[in-house]
Amino acid sequence: MPAPPCASCHAARAALRRPRSGQALCGACFCAAFEAEVLHTVLAGRLLPPGAVVAVGASGGKDSTVLAHVLRELAPRLGVSLRLVAVDEGIGGYRDAALAAVRRQAARWELPLTVVAYADLFGGWTMDAVARSTAGSGRSRACCTFCGVLRRRALEEGARLVGATHIVTGHNADDMAETVLMNFLRGDTGRLARGGGLGSPGEGGALPRCRPLQLASQKEVVLYAHFRRLDYFSEECVYAPEAFRGHARDLLKRLEVVRPSVVLDLVHSAERLALAPAAQPARPRACTCCRALASRPLCQACTLLDGLDRGRPRLAIGKGRRGLDEEAPRAGAQPPPSAALPAF
């Protein structure tokens with residue numbers, strides 16, 4: 001049976017049915033619709049004002065690759081300029097191949113690229129070193145916790161190095177739904193309270209951040225990359241199989257079978273979530289080590305790094321971090337080079 005005609009141009013044959021709407025479109029019309037929806041998200045949310053210098057978090061994966069390509073297409077209409085910022089976490093073999101993909105993208109699209117490394121920013125600590133340090137602590141899943149906090153700090157540092165006024169990341173709707181689900185499962189009211197919206201305005205001196213792909217499904221991100229023939233790195237991080245996010249992802253897939261709208265339902269629920277006054281997160285204050293904005297005496301980045309330096313990484317995670325918060329940093333400890341940056 002031949003494919004139906006494209007519902008948009010009525011000339012070409014349809015190449016897909018959009019997962020969300022079921023609309024039959026050709027590849028060109030799907031890509032145009034995808035870009036128009038991202039443009040609407042940016043404009044309706046007032047995420048990137050004209051004249052903004054935008055640091056695009058570039059990992060080499062499908063999400064950041066699609067984000068960079070779409071924003072490059074939309075940049076003249078938005079009146080913004082783009083800078084690619086990649087983070088080298090220090091994961092042997094895996095990160096080298098991903099950074100090679102980022103460098104190919106930067107050369108092909110003629111976009112400036114800056115790479116910042118954990119080893120340079122965080123006193124020689126790399127993710128491979130963190131993994132070795134936490135291996136005997138009973139916290140095998142801790143790598144993603146450390147990496148998420150440190151990568152956020154490193155991206156901020158890289159954005160400042162290139163003179164950016166805004167940061168964008170490639171989180172899609174599935175990513176955000178997984179995060180909401182994880183926070184519910186953990187009972188993490190603080191993160192639930194901060195999880196709504198399309199980004200953060202940038203308080204305490206932090207650069208504003210946004211997620212232009214937050215309303216785009218992972219399936220459509222993959223389809224866009226396919227029809228635009230984008231070159232991206234697709235291997236999973238070697239530490240990801242132990243992450244709690246994987247369990248949330250599996251649960252979300254099962255929920256989608258019985259309720260296809262569950263991904264966007266979770267994303268929108270985070271936007272509308274109201275917490276009781278007693279459950280609201282504490283007012284932020286200055287980190288006692290680096291003076292960044294924090295909800296505890298030590299910001300999350302300094303807590304994790306201090307725990308690593310003391311050889312007590314387990315206490316830097318979850319409820320155990322109180323033991324580190326209540327102690328002064330070890331003698332002679334220096335804040336990370338990005339100490340002027342706010343905590344996240």
Side-chain angles (χ1 to χ4, degrees), residues 16 18-21 25 27 30-49 52 54-75 77-78 80 82-87 98 101-102 105 109 111 148 151-152 155 159 164 166-182 194-201 207-234 245 248-249 252 256 261-271:
L16 76 153
R18 297 197 70 176
R20 189 180 303 169
S21 66
L25 296 175
F30 165 73
C31 291
F34 186 92
E35 292 166 3
E37 289 166 5
V38 174
L39 177 63
H40 179 266
T41 298
V42 173
L43 294 178
R46 299 180 180 179
L47 304 180
L48 301 174
V54 182
V56 181
S59 68
K62 66 181 185 313
D63 298 311
S64 67
T65 300
V66 166
L67 176 64
H69 185 274
V70 171
L71 289 182
R72 181 174 175 271
E73 295 295 310
L74 300 178
R77 299 175 66 180
L78 293 171
V80 301
L82 306 179
R83 310 284 188 271
L84 299 182
V85 177
V87 176
V102 175
Q105 295 161 7
W109 297 334
L111 290 175
R151 186 171 60 244
R152 188 175 177 91
L155 181 57
H166 292 71
I167 298 173
V168 296
T169 58
H171 296 89
N172 59 47
D174 295 67
D175 296 328
M176 300 311 299
E178 290 166 10
T179 298
V180 173
L181 193 56
M182 284 195 302
R194 297 191 297 268
L198 293 166
S200 57
L207 293 176
R209 288 176 177 248
C210 65
R211 300 178 289 267
L213 301 183
Q214 180 167 311
L215 302 180
S217 71
Q218 179 171 268
K219 293 175 183 175
E220 294 208 341
V221 169
V222 172
L223 286 169
Y224 182 89
H226 168 72
F227 286 111
R228 289 299 193 204
R229 298 182 180 181
L230 300 182
D231 169 27
Y232 62 88
F233 181 73
S234 58
R245 179 175 290 273
R249 181 177 297 124
L252 189 62
E256 274 193 289
S261 65
V262 68
V263 168
L264 282 181
D265 289 345
L266 281 168
V267 172
H268 292 314
S269 72
E271 297 170 356

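Every heavy atom of this structure was used, including side-chain atoms; hydrogens, water molecules and symmetry mates were not.
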Enquirer: Would you say Phe233 and Val102 make side-chain contact, with heavy atoms under 4.5 Å?
Expert: no
Enquirer: Considering non-hydrogen atoms only, spot the tightest contact between Asn172 and Ala216 and give its length.
Expert: CB-O, 3.3 Å
Enquirer: Drop me the distance from Leu264's CG to Ser269's OG, to the nearest 0.5 angstrom.
Expert: 10.5 Å
Enquirer: Give the minimum heavy-atom separation between Ala68 and Leu84, together with the two atoms involved.
Expert: CB-CD2, 4.1 Å
Enquirer: Holding to salt bridge (charged side-chain N to carboxylate O under 4.0 Å, His left out), I want the full list of residues that pass it with Glu37, two or more places apart in sequence or in another chain.
Expert: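 With neighbours one apart ignored, the set is Arg18.
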Enquirer: Can you name the nearest heavy-atom pair linking Arg72 to Trp109, along with the distance?
Expert: NE-O, 3.2 Å
Enquirer: Considering non-hydrogen atoms only, spot the tightest contact between Ala177 and Val267 and give its length.
Expert: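 Closest pair (atom of Ala177, atom of Val267, distance): N-CG2, 4.0 Å.
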Enquirer: Please enumerate all residues that pass side chain to side chain donor-acceptor pair (under 3.5 Å) together with Ser261, with sequence neighbours excluded.
Expert: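 Here the qualifying residues are Asp265.
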Enquirer: Measure the CD-CG distance between Glu256 and Asp174 for me, rounded to the nearest 0.5 Å.
Expert: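 Going from CD on Glu256 over to CG on Asp174, the span is 6.0 Å.
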Enquirer: Any side-chain heavy atom of Val180 within less than 4.5 Å of one from His268?
Expert: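 When only atoms from C-beta onward are counted, His268 and Val180 do not touch, as no gap falls below 4.5 Å.
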Enquirer: Give, for atom CG of Leu155 and atom CZ of Arg209, the distance between the pair rounded to the nearest 0.5 Å.
Expert: 5.0 Å
Enquirer: Is the shortest side-chain heavy-atom distance between Thr41 and Gln214 below 4.5 Å?
Expert: no
Enquirer: Counting C-beta onward and ignoring hydrogens, is there a side-chain heavy-atom pair between Leu223 and Phe34 closer than 4.5 Å?
Expert: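 No, too far: nothing below the 4.5 Å cut-off.
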Enquirer: Can you spot which of Leu48, Leu74, Val42 makes a side-chain contact (heavy atoms from CB on, under 4.5 Å) with Val80?
Expert: Leu48
Enquirer: So Asp63 and Tyr232, side chain to side chain contact (heavy atoms under 4.5 Å, CB included) or not? Walk me through it.
Expert: CA-CA 9 Å; Asp63 298 311; Tyr232 62 88; over 6 Å; no
Enquirer: Pair Val38, Leu67 - check side chain to side chain contact (heavy atoms under 4.5 Å, CB included), show working.
Expert: CA-CA 9 Å; Val38 174; Leu67 176 64; 5.6 Å; no
Enquirer: Taking the side chain as C-beta and beyond, is there a heavy-atom pair between Ser234 and Lys62 under 4.5 Å?
Expert: no
Enquirer: Report the residues that fulfil side chain to side chain donor-acceptor pair (under 3.5 Å) with Glu178, sequence neighbours left out, ordered by chain and then residue number.
Expert: Arg245, Arg249
Enquirer: What distance do Cys31 atom SG and Glu220 atom CD have between them, rounded to the nearest 0.5 Å?
Expert: 10.5 Å
Enquirer: Ignoring hydrogens and angles, state whether a donor on the side chain of Gln105 or Thr65 is under 3.5 Å from an acceptor on the partner side chain.
Expert: yes
Enquirer: Can you tell if the side chain of Val263 reaches within under 4.5 Å of the side chain of Gln218, non-hydrogen atoms only?
Expert: no
Enquirer: Compare every heavy atom of Phe227 with every heavy atom of Gly27, then report the nearest pair and how far apart it is.
Expert: CA-CD2, 3.7 Å
Enquirer: Would the distance check show the side chain of Arg83 and the main-chain N or O of Ala164 forming a donor-acceptor pair, the cut-off being under 3.5 Å?
Expert: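 Not at all, since once roles are kept as given, no pair shorter than 3.5 Å links the two residues.
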Enquirer: Tell me, with the steps shown, if Val168 and Leu213 meet side chain to side chain contact (heavy atoms under 4.5 Å, CB included).
Expert: CA-CA 10 Å; Val168 296; Leu213 301 183; over 6 Å; no
Enquirer: For salt bridge (charged side-chain N to carboxylate O under 4.0 Å, His left out), just list the numbers for Glu35 and Arg228, CA-CA rounded to whole Å, side-chain angles, deciding distance to a tenth of an Å, and then say yes or no.
Expert: CA-CA 12 Å; Glu35 292 166 3; Arg228 289 299 193 204; 2.9 Å; yes
Enquirer: Using every non-hydrogen atom in the two residues, find where Ala101 and Gly60 come nearest and quote the distance to one decimal.
Expert: CB-O, 4.3 Å
Enquirer: Is any side-chain heavy atom of Leu266 closer than 4.5 Å to a side-chain heavy atom of Leu252?
Expert: yes
Enquirer: Taking Gly57's backbone N and O only, do any of them form a donor-acceptor pair with Thr169's side chain (distance below 3.5 Å, no angle check)?
Expert: no
